[in-house]
Amino acid sequence: MTMLELYDWNDALCQNCIAMLQDAAEVKISREINGAYSIEFTYPFNQKGSKIHENMLVRCIGQIFRIMRVSRETDGKDILKVFGSHIFEDSKAIHLQNVPDFIGQPPYEVLKYAFSGTQFTLLGDSELEALGMVRVDYDGLLIDFFSADKTTPYEVMQTVIENCGKGEIYIDNYNIALVERIGTDRGVRLELKRNMQNVTVERDMTDMITRLYPYGYEDMHIGSVNSGIQYIDSPNIEKYGIREGFKDYSDYKNPEDILSRAVWEFDMQNKERIDVPSVNISGTIINMPGLFGKEINLGDNVIVVDKEDEISERIISLEQYPYEPKQDSVSIGRVKKDLYFYLDQMGKSGRSYNKVSTISGKVNACAISGVVPADGVKVKDSSGSVSILTDMISMSDSSGVRFRCGLSGGSFVFELYSPGGSALSMGAGGLKAAVSTINIGSEAVTASGGSLYINGKKILTEG
């Protein structure tokens, strides 16, 4: 029997049930890794159905959802179609005026700040250990999170994931965490002809790379530690041919570290290795809760048997019918960056652009703020470079540094250099300075009408 429970919109802990929705039908819970988490169901427009409204809470198999949309259809009989989002998505409706800089800090500290004062609890190490998971920064990972204005805790979570380059969101009602990975390996084997129906198996080599050019900080390459060669080849290059590509590892400033990270891209233990086609399998699992006495969850590793092939991949999305288990649908493989992913990224880019630009499309000076790396920002072209946004402003050309102005060792310096690298002084190399007044100690030397004056008194010279 369907056991959906209906609660008032502000009964956050679901303590006072308004109605047991035993007539709910087609109850479906959908979830993706780091993506949507929702519920859908239909309900007859009867006495209990009339109590169902948007913004109310529904609890299903222990999880709380907020009703976001209700539509009523009349075709012989009145039916309500209800759609709700998991309560975690309430974090999209919490306004944060500003999240400050967190430079060289664990991701956990950023999230603790973003979710402080909300109804959500960020789980610590002991709670996660009991669940068989670890935080995304368990290995000492640090990130540079630059201040964000007019944002939400949900957006901060997504930004932290982007900064880490990894991490998956664990959600259990109001208990949340950013972990290395959700799910586990329960030793489940799925045979396409036995345990699954309506199966689609997709093998895609669109993004596959067999010859990798890795780059680190400021486009540093691996030639110095790889016999002068700036790329590495996959063992699969003879099988698939040369498919060139590159990866940026801008956090790495050591060629050895860049090479080591690049080698991992082709490692057999790497579930996301880039030198093999990605495999995505979708279909309906037969009697999932009773599958060999084992239940599979989002993020779990499973082995899919396709004829003689055994494919080890993860559950990346589930459509679960908790009261009609034979209908459960599953997607197995790697998270695909489809059209909706790129539209979401375009939306984020658009919002970021609007924050730092004026109506006319120019950079807003107020947007140039926050903590800048110690070596500043270097602007390059074919003739040289300019370093800005640091304690020392410098300009260089093909001959080297030509101008320096700023703080050095606690003192202010102003230096000009010849093409040979020698410091220029007044009069050397034809150097000229156009000024109206020169202060020498307490004396002011000025020029006017072809004559020099010291403290306003004209200096007379003989011809």
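In this text, all values refer to a predicted model and were calculated from it rather than measured experimentally. Below, all heavy atoms of this structure are taken into account, side chains as well, without hydrogens, waters or symmetry copies.
Between the side chain of Asp275 and the main chain of Asn236, no donor-acceptor pair closer than 3.5 Å is present. In this structure, the side chain of Asn46 engages the main chain of Lys48 through a donor-acceptor pair within 3.5 Å. Between the side chain of Glu168 and the backbone N or O of Ile182 there is at least one donor-acceptor pair closer than 3.5 Å. Looking at Asp144, its side chain never comes within 3.5 Å of a backbone N or O of Asn163 through a donor-acceptor pair.
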Per-pair distances, 0.1 Å, donor-acceptor, side chain in residues 169-179, under 3.5 Å, sequence neighbours excluded:
from	atom 1	to	atom 2	distance (Å)
Asp172	OD1	Gln63	NE2	2.8
Asn173	OD1	Ile64	N	2.8
Asn173	ND2	Gly62	O	2.9
Tyr174	OH	Ala12	O	3.1

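For Lys51, the salt bridge (charged side-chain N to carboxylate O under 4.0 Å, His left out) criterion is met by no residue, not counting sequence neighbours. Listed by chain and residue number, nothing satisfies the ring-ring contact (aromatic ring centres under 6.0 Å, His included) test with Tyr138 (two or more places apart in sequence, or in another chain). Shown here are the side-chain hydrogen bond (donor to acceptor under 3.5 Å, both in side chains) partners of Asp78, two or more places apart in sequence or in another chain: Arg72. For Asp233, the salt bridge (charged side-chain N to carboxylate O under 4.0 Å, His left out) partners two or more places apart in sequence, or in a different chain, are Arg211.
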ask   = Run the salt bridge (Lys or Arg N to Asp or Glu O under 4.0 Å) check on Lys81 and Glu73 step by step: do they pass?
value = CA-CA 8 Å; Lys81 289 192 173 183; Glu73 297 183 0; 3.5 Å; yes
ask   = Asp90 and Arg66: salt bridge (Lys or Arg N to Asp or Glu O under 4.0 Å), yes or no, with the steps?
value = CA-CA 8 Å; Asp90 273 7; Arg66 187 175 299 281; 2.8 Å; yes
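The 12-atom threshold is exceeded at OH of Tyr240, counting heavy atoms of other residues, nucleotides or ligands nearer than 6.0 Å.
Separating the CD1 atom in Ile29 from the CD1 atom in Ile61 is a distance of 3.5 Å, to the nearest 0.5 Å.
Listed by first and then second residue, the salt bridge (charged side-chain N to carboxylate O under 4.0 Å, His left out) pairs involving residues 173-183 are Lys166-Glu180 (not counting sequence neighbours).
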